[in-house]
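Report on the structure given below.
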Amino acid sequence: MRDETIDTHCPYCALQCGMKLRAAADPADGTERTVEVVERTEFPVNRGALCGKGRTAPAVLSSRVRLTGPLVRSHATGRLEEATWEEALRTIADGLGRTRAEHGADAVGVFGGGGLTNEKAYTLGKFARVALGTSQIDYNGRFCMSSAAAAHTRAFGLDRGLPFPLEDIPRTGCVILVGSNLAETMPPALRYLTELKENGGTLIVVDPRRTRTAEQADLHLAPRPGTDLALALGLLHIVVAEGRTDDAFVEDRTTGWPEARAAAMAHWPELVERITGVGVPQLREAVRMFCDAPTGMVLTARGPEQQSKGTDTVGAWINLCLATGRAGRPLSGYGCLTGQGNGQGGREHGQKADQLPGYRKLDDPAARAHVAEVWGVPPESLPGPGRSAYELLDALGRDVRSLLLMGSNPVVSAPRAAHIEERLRSLDFLAVADVVLSETAALADVVLPVTQWAEETGTMTNLEGRVLLRRRALTPPEGVRSDLEVLHALAGLLGHEKGFPTDAEEVFEELRRASAGGPADYSGITYRRIAEEDGVFWPCPGTADDGPVHPGTPRLFLDRFATPDGLARFVPVTHRPAAEEPDAEYPVLLTTGRVVAQYQSGAQTRRVGELTAAAPGPFVELHPQMAERLGVAEGDPVAVVSRRGRAEGPARVTNGIRPDTVFMPFHWPGAGRVNSVTNPALDPTSRMPEFKVCAVRVEAAAPGAGAGAGAE
Ligand SMILES: Nc1nc2c(c(=O)[nH]1)N[C@H]1C(S)=C(S)[C@@H](COP(=O)(O)OP(=O)(O)OC[C@H]3O[C@@H](n4cnc5c(=O)[nH]c(N)nc54)[C@H](O)[C@@H]3O)O[C@H]1N2
Ligand SMILES: Nc1nc2c(c(=O)[nH]1)N[C@H]1C(S)=C(S)[C@@H](COP(=O)(O)OP(=O)(O)OC[C@H]3O[C@@H](n4cnc5c(=O)[nH]c(N)nc54)[C@H](O)[C@@H]3O)O[C@H]1N2
Ligand code: SF4
Ligand SMILES: [Mo]
């Protein structure tokens, strides 16, 4: 074993915890094949702490079920069978090429992921627009933080999840944490809330469930799912009524207050209590805590965002920050806790349907001209904006007839999943690049096995906007190739030998140029700087060779917001019901989310013994009153049924959930797949599906009945 350790980052969530890897050499041939995780205490975000997923991440590298050779579906048997790389790549180029020849470029779709490195996300966007010439590309980040991204852009003119580093959180006066269960979803970040309280700050948590995070709160508000918009407006109403607005800030730094104020004043506390179920005294207490503190932050995560009104909901929380002067100042502001490893960078470099690298808009002529020049193509050859993720998946087999998918497992994670599964099956051609045979890869015509995080180099941008370097620590097994090598080879087969490098740093150098001058400007960031500086915060413009180096931007908006006039924009928003409200037939609210030991669709973490032992399967969390009504006890099988389908799991009875609501985590396929039930109603601006609220019927399920995976 070598003594040398390599500084790198966890493959999973947006915290991107720092870790060291120590590689062990294989005695047979001397190559490094296994790694051990070692603490990396000096990295500021997590100071050595890791959750169980990060600690066990190397298990997926050496897992028996990892893919180590391409698979091609045989015409004769209908099954996926081992094939050579040449054959697999040729089959994909033929499949995508045939669709393009017969139905046009927009009949070919590309679906990416927020776990892909910046270099991969950038190359995938370029591949779609240059090598395939299609507008039809989007990615799973649409299901993640797109509502917050849209609201950010609308109010501040720029979307970066957190406008300040995590280290500012313990030094603010009051945090309102809305729909984030970070004790389970980013465990090492809980420290920032603990330190906040140690420093005398206060914590308000807004969640329909008394989660492990809510247990830390000084005040826990438990609204009915889907009513955060009313809640935020009710708080703003009280702020105004009690004369607690910061008039000087509103005057100097914002526009649009009169309209936003009028909209909020229509939301009386008593009305808000009726809508949300949160009592007026609690609303007043929340305002008192927030406004008494000298500084304050509102942080949202998927709870308020994954709603068909997620953009307006986040807008309402931003309005609260602006009206109270809790934005654009040190230790104050609104932030979104982005979710996937590269949820931030993944949305900046061109895999989103409407965007070009550097967070440029695809319909902006100047942006098109800049990026086209970097890519060496005429601006008019770049397609326009395409469909959003759910709309793209819904169009499969109809307008979009072939798909290349990299970094997502929608059979488990997309809303109305039985329908999406059927759409995937109806494709003329499906190619999936993955590290394991995910439920989605199992449907493919060709599956390409790709290298994993520790076997390749690339940059990730964490939830703070900090660009980090994930380094290669060990030799990949024979038979796998990197996503960049895959895209390079496919582009070549489609007639683009040049422009798709396989070396990550070479891609990053091009990304720097493509992003230069854009909102997410990376042009001053280099691999070397990232390594020397614990990451670099964007925007970080490049400077002339002899000029001073730009330090990066840990804190945004302190002098001005990123709007043309430098002022933050209030947006008038009003409450509206969820797309599907309970009725006689479906009287209960379903909400969904995560547990600490599983990650997303579970494709990776369900393959780790320790994690599966800790979280073996889905469950239905419900209140004792509901359990009694159904006649079920702890552990009894329960079915949750909506207009779209059905999901089952054992009952988990707890006082910590509202009596009108049930909760299921979404990490599992099959009969326990909660996305068979969820509602794909979309937010009109962000196109985010309503994962966090739909109407269901809950019933006792006979043991072993296992009524299907929720076909419609
Ligand atoms: N263990 C683990 N960690 C993860 C992930 C994972 O899959 N597993 N995924 C990563 C990713 S991609 C993401 S996006 C983040 C997500 O991180 P979080 O947003 O923290 O995760 P969720 O569990 O989806 O939702 C958070 C909370 O929202 C609450 N909620 C439900 N409905 C509502 C509502 O209407 N209003 C409000 N205010 N709250 C509501 C739920 O009860 C839940 O406790 O986690 C990241 N970290
Ligand atoms: N009901 C419900 N559904 C939800 C949510 C919810 O809260 N409730 N949350 C939504 C959210 S926030 C998200 S982010 C999505 C996430 O859901 P998915 O998009 O399904 O995310 P993952 O499970 O992370 O899928 C990533 C896939 O890519 C593979 N992979 C990992 N790294 C790489 C790589 O570098 N290259 C390639 N080619 N493949 C790789 C993994 O093995 C896995 O199969 O789920 C959404 N679905
Ligand atoms: S909190 Fe997120 S980044 Fe940190 S170890 Fe866990 S999964 Fe990895
Ligand atoms: Mo996410």
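Quick note: residue numbers are just sequence positions, from 1. Note that ligands are numbered from 1 as they come in the structure, with each ligand's atoms numbered from 1 the same way.
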Ignoring hydrogens, just give me the one of [options] whose non-hydrogen atom is nearest [atom].
atom: atom 28 (O) of ligand 2; options: A603, A647, G407; answer: G407
atom: atom 22 (P) of ligand 2; options: R606, Q604, Q600; answer: Q600
atom: atom 18 (P) of ligand 2; options: C13, S413, G343; answer: S413
atom: atom 47 (N) of ligand 1; options: T592, T185, L337, D228; answer: T185
atom: atom 9 (N) of ligand 1; options: E690, R594, H667, E184; answer: R594

Do [X] and ligand 1 have an N or O pair less than 3.5 Å apart?
X: P223; result: no
X: Q307; result: yes
X: V206; result: yes
X: N181; result: yes

Contact partition for [X] relative to ligand 2, non-hydrogen atoms under 4.0 Å:
X: K120; value: side chain
X: S438; value: side chain
X: S601; value: both
X: N675; value: side chain
X: L116; value: side chain

For this session: Check T591 against ligand 1 and report side chain, backbone, both or neither, counting heavy atoms closer than 4.0 Å.
Result: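 Near ligand 1, T591 shows its side chain, while the N, CA, C and O stay back.
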Nearest neighbour in protein (non-hydrogen) for [atom]:
atom: atom 10 (C) of ligand 1; answer: G339 O, 3.5 Å
atom: atom 2 (C) of ligand 2; answer: F691 CD2, 3.3 Å
atom: atom 35 (O) of ligand 1; answer: G226 N, 2.9 Å
atom: atom 14 (S) of ligand 1; answer: R302 NH1, 2.9 Å
atom: atom 27 (C) of ligand 2; answer: S408 N, 3.4 Å
atom: atom 8 (N) of ligand 1; answer: Q598 O, 2.6 Å
atom: atom 42 (O) of ligand 2; answer: D434 OD1, 2.6 Å
atom: atom 29 (C) of ligand 1; answer: D207 OD2, 3.2 Å
atom: atom 36 (N) of ligand 2; answer: D483 OD2, 2.8 Å
atom: atom 30 (N) of ligand 1; answer: P208 CD, 3.6 Å

Salt bridge check, [Y] against [X]: does any charged N sit closer than 4.0 Å to a carboxylate O?
X: R471; Y: E455; result: no
X: E215; Y: R212; result: no
X: R644; Y: E580; result: yes
X: R55; Y: E610; result: yes

Check contact between V596 and ligand 1, using heavy atoms of the residue and a distance below 4.0 angstrom.
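V596 counts as a contact of ligand 1 under the 4.0 Å cut-off.
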Kindly indicate whether atom 33 (C) of ligand 2 is approached by any protein heavy atom to under 4.0 angstrom.
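Given the 4.0 Å limit, the answer for atom 33 (C) of ligand 2 is no, no protein heavy atom qualifies.
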Cut-off 3.5 Å, side chains only: do [X] and [Y] have a donor facing an acceptor?
X: Q600; Y: R594; result: yes
X: E690; Y: S308; result: yes
X: D228; Y: T313; result: no

For ligand 2, is there an atom lying under 4.0 Å from some heavy atom of K692?
->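 It does, in that a heavy atom of K692 comes within the 4.0 Å cut-off of ligand 2.
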Trace of the ring pair (Phe, Tyr, Trp, His ring centres under 6.0 Å) decision for F143 with F691
CA-CA 8 Å; F143 297 160; F691 287 116; 5.6 Å; yes
**Asked** Considering only heavy atoms from C-beta outward, does the side chain of F500 approach that of L484 to under 4.5 Å?
**Response**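 They are not in contact (no side-chain heavy atoms under 4.5 Å apart), so the answer is no.
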